[in-house]
Structures are given as C-alpha cells and as structure tokens.
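What you are looking at is a predicted structure, and each value in this text was computed from that prediction instead of being measured.
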Amino acid sequence: MNKVDGQAVKRVAVVTGGNRGIGKEIARQLAAKGLQVIITSRDEGKGRLAAQELLAAGLDVKLQVADVHEINDVARMMERIQSDFGRLDVLVNNAGVILDRGVSVLDVEESVVRQTLETNFFGALRMTQAAIPLMKKHHYGRIVNISSGLGAFEIMQDGYGLKGSSSAYRISKTMLNALTCLVSQEVAGTGIKVNGFARAGFRPIWAVRMLR
C-alpha cells in the first residue's frame with residue numbers, strides 16, 4: 001500500500017507476458033506483497049488460465065489481453081489502467097521471444113530479426129513510453145526490464161563458444177540494455193527508477209525487492 005493525502009492506495013503493477021514462467025512468478029510475488037497486478041498475454045485462453053490460478057491462490061490479479069507488437073493494444077491498456085485505477089506504479093517488461101536459437105548471424109532471416117526486435121525491444125519501448133506519464137503523475141515508478149547476459153558486449157567479444165549464433169535474440173537484448181540505461185538517465189529525479197536483470201540466474205524476488 002501507498003499513502004496519498006493520508007489515504008491508503010493500492011499500488012498497481014503490469015507484468016507483460018505474465019501468463020507463464022518468470023512473468024507469472026513475478027506477478028505472483030508482487031500480488032503477494034499486496035499490489036494490484038495486471039498480467040498481459042497475447043493468448044486469451046492461456047492468460048485466463050494463469051489469472052484464474054493466481055486468483056484461486058487469493059491474489060489480486062487481472063488479465064489484459066494485449067500484444068506489445070501493437071501500439072493500439074498498448075494505448076488501450078494504459079487508457080483502461082488510467083480509467084480503472086488512476087495510477088501505474090510498476091512495469092515489468094518480461095515479454096520476449098527467441099526465434100533463432102543456434103542459428104548463425106550469417107544465416108538468420110531478416111524477418112526473424114524483425115519479429116524478435118518487435119517483441120524484445122520495441123515492445124518494451126512502447127510499454128515504457130506509455131507507462132512513464134502515468135508514473136510521473138504520482139512521482140513514483142519502478143520499471144524492470146528482463147534482459148539476458150547474452151546481450152552483454154563482453155560475452156559477445158569473448159565468444160564463450162557461441163560465436164555468432166542466436167544473433168537476433170542477443171542483439172535485441174543488447175538494445176534492451178541500452179534502453180534501460182537511457183530511460184534511467186531520462187527520468188532521473190522524477191521518483192522513477194529503471195533497472196534490468198539478466199534472465200539467467202534471475203530470481204523473481206529481485207523484482208519485488210526493487211520496489212523499495
């Protein structure tokens with residue numbers, strides 16, 4: 001809970017791709033901390049199953065069917081959040097795909113690169129740009145970008161046996177890392193903090209601790 005003008009107000013969180021895996025566990029832990037959590041899913045059926053599972057556990061979770069590829073979906077989601085809750089406090093950019101696992105950069109199809117960037121980078125960019133105005137209204141916000149160590153330059157330079165494989169995914173995560181740094185600098189002093197976590201070894205509890 002957060003206090004506004006002496007009144008207890010429930011913080012609101014959005015977790016993209018929150019219908020499975022890390023995203024669902026982050027949603028679970030945020031809701032267990034008392035937040036109103038909205039999970040997004042492109043697949044309505046899978047999203048409803050995840051939301052029902054979390055609701056059955058006594059957690060305050062809602063489903064928003066949305067595709068971060070679609071700017072209109074993102075806009076409608078933010079309009080609904082503004083209408084229903086009047087605030088957005090936490091955004092976890094978790095939605096991501098890997099479509100070129102093990103494929104050489106010399107062989108990967110351009111369409112695969114474009115599709116990967118649409119979800120892993122542009123999706124996060126769209127969500128971030130749409131969320132920050134809502135966060136600024138209450139001088140508080142926390143954004144977490146779920147990235148990957150495979151996007152780090154030191155790993156690309158040293159190779160680690162990967163050479164030029166899975167290039168679309170890795171490039172998308174490099175771009176996401178850059179986005180994290182640039183947005184963090186842009187919102188400095190506004191009460192909004194932006195962090196990135198590598199998926200490998202990531203523990204969902206870290207996203208919850210980020211709220212402090």
Side-chain angles (χ1 to χ4, degrees), residues 13-27 29-30 39-43 66-71 73-74 90-132 141-188 192-210:
V14 169
V15 181
T16 66
N19 60 297
R20 61 189 178 90
I22 289 175
K24 185 166 73 171
E25 185 57 29
I26 291 173
Q29 295 198 26
L30 289 173
I39 61 171
T40 77
S41 174
R42 291 182 295 176
D43 186 306
D67 187 343
V68 296
H69 283 200
E70 301 294 336
I71 193 166
D73 278 12
V74 173
V90 178
L91 169 63
V92 181
N93 283 314
N94 168 72
V97 296
I98 177 166
L99 306 176
D100 64 330
R101 191 186 304 274
V103 178
S104 167
V105 65
L106 302 180
D107 299 320
V108 66
E109 296 181 7
E110 183 176 322
S111 61
V112 170
V113 177
R114 289 181 181 275
Q115 188 176 351
T116 303
L117 293 180
E118 269 296 325
T119 299
N120 297 2
F121 173 71
F122 287 108
L125 175 63
R126 291 185 190 102
M127 289 296 299
T128 300
Q129 289 177 331
I132 283 178
R142 298 292 184 266
I143 298 174
V144 176
N145 294 324
I146 306 300
S147 187
S148 170
L150 295 178
F153 276 115
E154 55 266 32
I155 289 181
M156 291 188 181
Q157 291 167 345
D158 290 343
Y160 289 87
L162 297 171
K163 296 185 178 179
S165 67
S166 307
S167 58
Y169 176 78
R170 295 166 68 187
I171 290 169
S172 74
K173 293 304 184 178
T174 302
M175 293 172 68
L176 183 60
N177 294 343
L179 178 67
T180 301
C181 294
L182 295 174
V183 175
S184 179
Q185 294 175 42
E186 192 67 17
V187 299
I192 301 170
K193 295 182 180 180
V194 187
N195 291 284
F197 290 101
R199 183 174 291 271
F202 173 72
R203 297 181 180 180
I205 189 63
W206 294 345
V208 176
R209 289 174 179 166
M210 171 217 63

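The OG1 atom of Thr116 lies 10.0 Å from the OH atom of Tyr169; values are rounded to the nearest 0.5 Å. With rounding to the nearest 0.5 angstrom, the NZ atom of Lys173 is 11.0 Å from the CG atom of Leu179. To the nearest 0.5 Å, atoms OG (Ser172) and CG (Leu99) are separated by 9.0 Å. In this structure, Asn145 CG and Phe121 CZ are separated by 10.0 Å, a value rounded to the nearest 0.5 Å. With rounding to the nearest 0.5 angstrom, the CZ atom of Arg42 is 11.0 Å from the CG atom of Asp73. In this structure, CG on Asp100 lies 5.0 Å from OG on Ser167, to the nearest 0.5 angstrom.
Across all non-hydrogen atoms, the minimal contact from Ala13 to Leu30 is CB-CD1, 4.0 Å.
No side-chain heavy atom of Val194 sits under 4.5 Å from any side-chain heavy atom of Glu186.
When each of Asn177, Asn195, Thr180, Asn120 is tested with Ser147 by the rule side-chain hydrogen bond (donor to acceptor under 3.5 Å, both in side chains), just one qualifies, namely Asn177.
Under a 3.5 Å cut-off, the side chain of Lys163 and the backbone N or O of Val105 do not form any donor-acceptor pair. One N or O on the side chain of Ser166 and one on the backbone of Gly102 form a donor-acceptor pair closer than 3.5 Å.
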Apply side chain to side chain contact (heavy atoms under 4.5 Å, CB included) to the pair Arg170 and Leu162, showing each step before the final yes or no. CA-CA 11 Å; Arg170 295 166 68 187; Leu162 297 171; 3.6 Å; yes
Determine, step by step, whether Leu91 and Thr128 satisfy the side chain to side chain contact (heavy atoms under 4.5 Å, CB included) criterion, reporting the C-alpha distance in whole Å, the side-chain angles of both residues, the deciding distance to 0.1 Å, and the verdict. CA-CA 8 Å; Leu91 169 63; Thr128 300; 4.2 Å; yes
Between Val187 and Ile132, is the side chain to side chain contact (heavy atoms under 4.5 Å, CB included) condition met? List the steps. CA-CA 9 Å; Val187 299; Ile132 283 178; 3.7 Å; yes
For the pair Gln115 and Val97, evaluate side chain to side chain contact (heavy atoms under 4.5 Å, CB included) and give the outcome as yes or no after the intermediate values. CA-CA 9 Å; Gln115 188 176 351; Val97 296; 5.6 Å; no
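In Leu182, the CG atom is crowded: over 12 heavy atoms of neighbouring residues, nucleotides or ligands sit closer than 6.0 Å.
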Could you give the side-chain donor-acceptor pairs of residues 15-24 under 3.5 Å, partners two or more places apart or in another chain?
residue : atom : partner : partner atom : Å
Thr16   : OG1  : Val92   : O            : 3.4
Thr16   : OG1  : Asn94   : N            : 2.9
Thr16   : OG1  : Ala95   : N            : 2.9
Lys24   : NZ   : Glu53   : OE1          : 2.9

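For Asp67, there are no salt bridge (Lys or Arg N to Asp or Glu O under 4.0 Å) partners, not counting sequence neighbours.
Applying the salt bridge (charged side-chain N to carboxylate O under 4.0 Å, His left out) test to pairs two or more places apart or on separate chains, those with a residue in residues 110-128 are Glu110-Arg114, Glu118-Arg126.
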